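Taking it in order: structure first as structure tokens, then the write-up.
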Amino acid sequence: MIIKKLIRNRISLIGLVILFGFILVAILAPVLAPIPEELLKMDPNRDPYRIPRYGFSSTPRPPSTEHPMGLTEGQLDIFHGIVWGTRTAFKVGLIVVSVSCLIGIIIGSVSAYIGGKFDEIVMRFVDIFMSFPFLIAAIVITSVLGKGLRNVMIAMILFRWTGYARLIRGNVLQVKQDEYVMAARAAGVSHIKILLRHILPNTIFPVIIQASMNMGSIVVTASSLSFLGLGAQEGYADWGQMISYARNWILGAPGNPMAYWYTVVYPGLAIVLFVLSWNLIGDAFRDIMDPKLQG
Amino acid sequence: MNSKLKTLLVLALVVAVGAGVYAYLRSRDQGETPDEGQAPATDLKTFVYVSIGEPDTLDPAYAYDTASGEIIHQLYDTLFDYEGSSLEKLVPRLAAQVPSIENGLISEDGKTIKVPIRKGVKFHNGNELTPEDVEYTFERNMISDPVGGPIWMFFEPLLGVQTMEQLIAMVGGSSDYTDINDVDPAIRRQVFDMIDAAVEVEGDAVVFNLAAPYPPFLQILAKGGSWSSILDKEWMIANGDWDGNPDTWAKWHDPAKEEMTLYEKANGTGPFKLQAWDRSGGQIVLKRFDDYYRGPAELETVFVKYIEEYNTRLLMLQSGDADAIYADVQYLDQLRGVEGVKVVENLEQIANTTLLYNFTIPYEGNEDIVGSGQLDGNGIPSDFFSDINIRRAFNYAFDYERYLKEVANGAGQIAKGFIPAALPFSNKDGEWFTHDLEKAEQFFKQAFNGEVWDKGFKLTLLYNSGNNARKTAAEILEYNIESINPKFQIDVQGMQWATYLSKLDQGSLPVFFMGWLMDFPDAHNFVDAYLRSTGAFAGYCGEGLVELARAEFDDLIAQAMQAPTTEQREALYREINRKAFEYAVALPYIEPADHRVMRTWVQGFTHNPAYSAKYDFYSLSKKVADQS
Amino acid sequence: MVKPKERELLLDVRGLKKYFPITKGLFRKTVGWVKAVDGVDLKVYKGETVGLVGESGCGKTTVGLSLMQLIQPTSGKILFNHNGEWTEVNAKTIKGLRSEIQMIFQDPYSSLNPRMRICDIIAEPLEANGVKNKSERYDRVESLLKAVGLGSHHMRRYPHEFSGGQRQRIGIARALSVNPSLVICDEPVSALDVSVQAQVLNLLEDLQAQYGLTYLFVAHDLSVVQHISDRIAVMYLGRVVEMGNVDQLFAHPKHPYTEALLSAIPSPNPDEKGSKIVLKGDVPSPANPPEGCAFHPRCPYATELCRQKRPQLTEAEDGHEVACHRWQELSLKGVSISNTA
Amino acid sequence: MLTYIARRLLFLPIVLIGVTLLIFLAMSFLTPAQLVSAYIKSPEELKNQSVSELVVKYGLDQPVWKRYFSWMQNVLKGDLGYSVSANMYVAEAIAKRFPATLELALFAVIPVICGGIWLGTVSAKNHNRPLDHVSRIFAIVGWSLPDFVFGLIILLIFYGLLRWFPPGRLSVWADSVVLSGNFIQYTGMNTIDALLNGRFDIFLDALRHLVAPTITLAYLWWAYILRITRSSMLDIFSKDYVRTARAKGLMEKLVVNRHVRRNALIPVVTVVGSMILGLLSGVVIVETVFDYKGIGLLIAKGAERMDYTLILGTSLFYGVLLVMTNLIVDVLYAVIDPRVRLE
């Protein structure tokens, strides 16, 4: 029913089409951008996420028949990076959103359900996490655990769950007062079952919508971290990192500001479209789910 | 609420429009159209240099980084300077004469050096320079000796040790103290007496008493070494620094950098005075010192700004807001041939970059780097690089030409040994490794009795992330070694600097990159760093290297310093170079050249590779050729 | 209807109190108490229906929730006759007593989880009380649905597909699923249309007969409980002010508050002149109840004594208790049951 | 209300202790050699640096709890320590850098809020019509753009091509005046200081440097405000009192102005609080691109170098800022919306 409505809404249809395109690219990545033969010969276990480089000079090279999107700084193939970066984007987005959402939901709902002093303490704990500067956290975590996408994800998860925790807590506080919860307690249902069966199904939806809308911003945040040198391993297919490779070429050559346009336009477009699709769907989704906004 | 909102909107609009109109008027004011900006944005007496990385400190006893040296260079003078771009020929500055054996100022045994001091030189505050100031400068710097600072360069020639700690140990104290105040006062007094005796005033001259002959000593005192900047004793004492008292000096030993007197103050004899170090604004403002003894500089004001973002620096240069900027060598393509901008390239630099091998790699807690720790194709054994064949194979596998051409953008030359070609006694005509995959294969086949060739290995090659050139060097090595045998696996990984440093400190990196930029232009500075068992990097290279260095290099290096004639020195360095090749101690691959990026209106740029400053502002001026 | 004394006592509530703290200031210091229930004694016999009546805020729902231990009483004893053995109902024992005491909730719209199927809603107490076998549970659900007048085809539906009356039947089925002996009905019909109310009440009566249930029936007006109750307790500001069997209480109320409540029952007889007693003022705050008899500021018969001394609940006649200083002097107006029947 | 404020402030020390403990906990995972990287910036500086000596000199070999207590003691004495990466005492660094960021945030907030609310209103009034779609997509694109890409484009256009709005905080000539010693820096905010010193030319110069970062921030944040305004406006549109007002035949403009906007702004207030917080701490990248020397740059640099005195000091500062901002928002909320009561 929701999907039908999403399709009928023209704006969200655009979002769905773009997203579907990305999913297709992600699935077909090994076909679209296989590891070049000669590299595979040298290293049969080569990680496909590692972008092949075609030389060691840093100056980018424009698109050609061999490299349809050109080579970015360090002669890395932009097309390969974009295609495999799609998988990275989904991976990062889905993992960060689902894990932080899960943590937020557990902590927020339990805290609200138990209530009282416990709730107050947990909320102060949330405050502490919220006042911890995210950037510092990301830097410290990558120093402790090492550079790489996984650790960037851990950093993002650590400081994203608080938002979900707050959101669900508010909802649970409301639902907790409903009579069906009382009825379940009167029936002697255990607290865990009450939470799982009665409270969560009636509170989780807004959180999930929120989470789906965050998919996009997580990819942007990850790319900002790459800009600060905290993101994926260098040379790893990640859009944010590809943009940061373009960083010093954005201004082009003097007198020709478009000299290196391909280094920034392709990865930039990938990020913008990806985020846009999630936001369009999320926005429409919210309109649909919120009966107040109907008509 | 609504009317407030409107007011805010109107306000915002007014601000925006006002700013726009103002900007327009300003650009008209200066009579310039946005086309490339033929005139500097600032007047001809103001110079703006946009660099990266702020100085650590302005105290010559502490400063050991190039950014600090850059500023100290402008504020102070030293006893000598190099003539033009020469590295050997010295001219007197605050000294009245350059000492030599010929003019009798250097004793026959080379251990006593007398330096007559120039008269009539004024400090920025008007005080006149005296020989006591010079004596004070060296003694004060030696008693301060901040950890990791440059003062070892005084200790080594004058007292034969590297640090204050070693000096205390030498006179009989324990070197195992945490606080200098715990050291027996008698020993402290003894230590002071030795420092005191090392530098003495004799009439109008200062006498340095060396522990042993030290050929590059005068270079250590020359311009380019910020540590030899001459201070004003009277002013220093007035500002709370050590007053020359032999018993209280411990109070000024190894202070925190921010507590040092000259941390953000300066009173030198240099051509520029410090007007402000605006740390919150990331800039330093220098003003011309009108009483400079060589005549006032052309420029009145110099702004050194620190901006990390390359794009911003680039745009500032293009618009004429900056007269010169720092740019990485890999972006020079964008700058060459730009109207109004000149790129001065291939400036000689006395430095090299090297890939060092760890002869004894620890296994415990290091599994993420050494893998299985065995020669089974999934890792490397602890003594991997102790096998000379492995080291030779690596050295033959690296593609030096390609690095120079593609990564270094052609700037510099391929290293042939540890002593840069620009210095005397280098290995430029000797035998050295070249890119030769056949030889590399041959050595790999010999390594570990052929086991390496059969089983292969897996090696993690770490670099500190953000350093693109080193990453690429690692990948060139990876590409070449992997192409020799598919069982050879090299995994290139970036690591954050803090973690990298920590790993390095634990000695757990199997191979690592190091650069060495000279302290003073002498072969000793390089062989000491790379080849001596007490050298700067030996600690990171494992016990295996230390043993090798002790057995093969230490004596040769010491002899080379004591050699009475240049010919004898040369012979000894030739032997050192030969052994370095024979043992394939490490993989030096480039001696990078330097470059400058400035506007064409900048005149008078000179270059001396010994200078820590990229620009000697005293020699610079701005002239706009076409003022029609 | 049987005389109460011949019956076996099922529930004995003694001095039940529930105070909610009022906090204030920086450190949440307790500065007072809302005395929602302030010493309630209540006896319920097997098989009977006791109505608990009072205006909203008088504490009647709190009594119900306290009995179920859904809120913790401040003090007092709740004793329950569990197969001839007396058990004190508290947080520890309530687990074992869930299958004995059940509750029907006020709002059929919010008392059913909108995201659960009917069969699961009704089976939930069974599951919680140890019936592990799923088909056994569903068999029971099916028979319960039949008992409350719904069909087995309703099992797989969701609550929003039902009307209010049907939902309340589901609520009843849920309460009965574990075969309780005592059912606390918390205003089970107040949210329903008048036409449906009677159906539900009749169902409750039928079920009582069928399963031998005992009801504690909480309501805010007397007209509802009149049909179904054997005895009625009238509450005012956290205390029981009058208690007796339906005939006694309706015909001869002894407390002025009961009289006022009775007068508010609309009479179906158009000839009878409505002489509705309108009480002055609002119900006082339970945080700050009046001195003396809590009802005195609104009582048309209040005297100086009422202002000073709190009357105790005393037995006026057989099984008819009242808390009023003047019950003997006053002759209050009741209603005849036949009239309203 | 006063007790509410007092109660909330009572939690401030708890939050602060929590934040700092958390940082120390994280630090305890780091080896002393990792912490030394605050003092050694690059491999080139390893020449004669002895990592172990520096560890001893700066007490980095002490157990974490010991360092925490000695740090805490100093904080209670009012000493936040010295930051190696900033070359300043931490308190001084915050005092000098924060006004710059505050100035930027304040300037950015005006167009962000005004523009965002205006767009949100337009969008809501034209619900599901092309104008709604256009303004939403416009805003979502802003939200989807990585800020450094957008910032660099703005820099290229307004400085590189048009030369209108240069990077930095002041021009060289203005810097000369400010650093000459005759210019008193009262607040650290250049625009205000310039007016207080009676230097209108410097005021304009400061303003000129603020325009480009402001545009960047505004564009990136518009989507946020737009979305909130739009949905809360739509919410209000469906309310009975608005229907009544419409039914009365009130002009649409009056309906919007009198009934809708005021009520729709209530949720915006909460968002503005968190937005200002975000602006105050999260403008690292805009500050980097426009060389705007604010606190974001300071923190990024400090964190990169593991300068833990700076990290702790700024976290403490931000903890205070967060608690205060949240408090102000809550109070403001209660003031605007009579239904909200603070307990």
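Because the structure is predicted, anything quoted here is derived from the model rather than measured. Residue numbering restarts at 1 for every chain, and letters A, B, ... go by the order of the sequence lines.
Taking each heavy atom of A:Ala183 and C:Phe105 in turn, the nearest pair found is CA-CE1, 3.2 Å.
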Without placing hydrogens or testing angles, list every side-chain donor-acceptor pair under 3.5 Å for residues 17-24 of chain A, not counting sequence neighbours.
none

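Neither the backbone nor the side chain of C:Leu126 comes within contact range of chain A; no heavy atoms are under 4.5 Å apart. When heavy atoms are compared at a cutoff of 4.5 Å, C:Leu112 approaches chain A solely by way of its backbone atoms N, CA, C and O.
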Between chain A and chain C, which N/O donor-acceptor pairs sit under 3.5 Å?
from     : atom 1 : to       : atom 2 : distance (Å)
A:Glu179 : OE1    : C:Asp107 : N      : 2.9
A:Tyr180 : N      : C:Ser110 : O      : 2.9
A:Arg185 : O      : C:Arg98  : NE     : 3.4
A:Arg185 : O      : C:Arg98  : NH2    : 3.4
A:Arg185 : NH2    : C:Leu70  : O      : 2.9
A:Ala186 : O      : C:Gln102 : NE2    : 3.4
A:Ala187 : O      : C:Asn129 : ND2    : 3.2
A:Lys193 : NZ     : C:Glu127 : OE2    : 3.1
A:Arg197 : O      : C:Asn113 : ND2    : 3.1
A:Arg197 : NH1    : C:Glu124 : OE2    : 2.8
A:Arg197 : NH1    : C:Glu127 : OE1    : 3.3
A:Arg197 : NH2    : C:Glu127 : OE1    : 3.0
A:Arg197 : NH2    : C:Glu127 : OE2    : 3.1
A:His198 : ND1    : C:Asn113 : ND2    : 3.1
A:His198 : NE2    : C:Glu124 : OE1    : 2.9
A:His198 : NE2    : C:Glu124 : OE2    : 2.5
A:Pro201 : O      : C:Arg115 : NE     : 2.8
A:Asn202 : OD1    : C:Arg115 : NE     : 3.2
A:Asn202 : ND2    : C:Asn113 : OD1    : 2.9

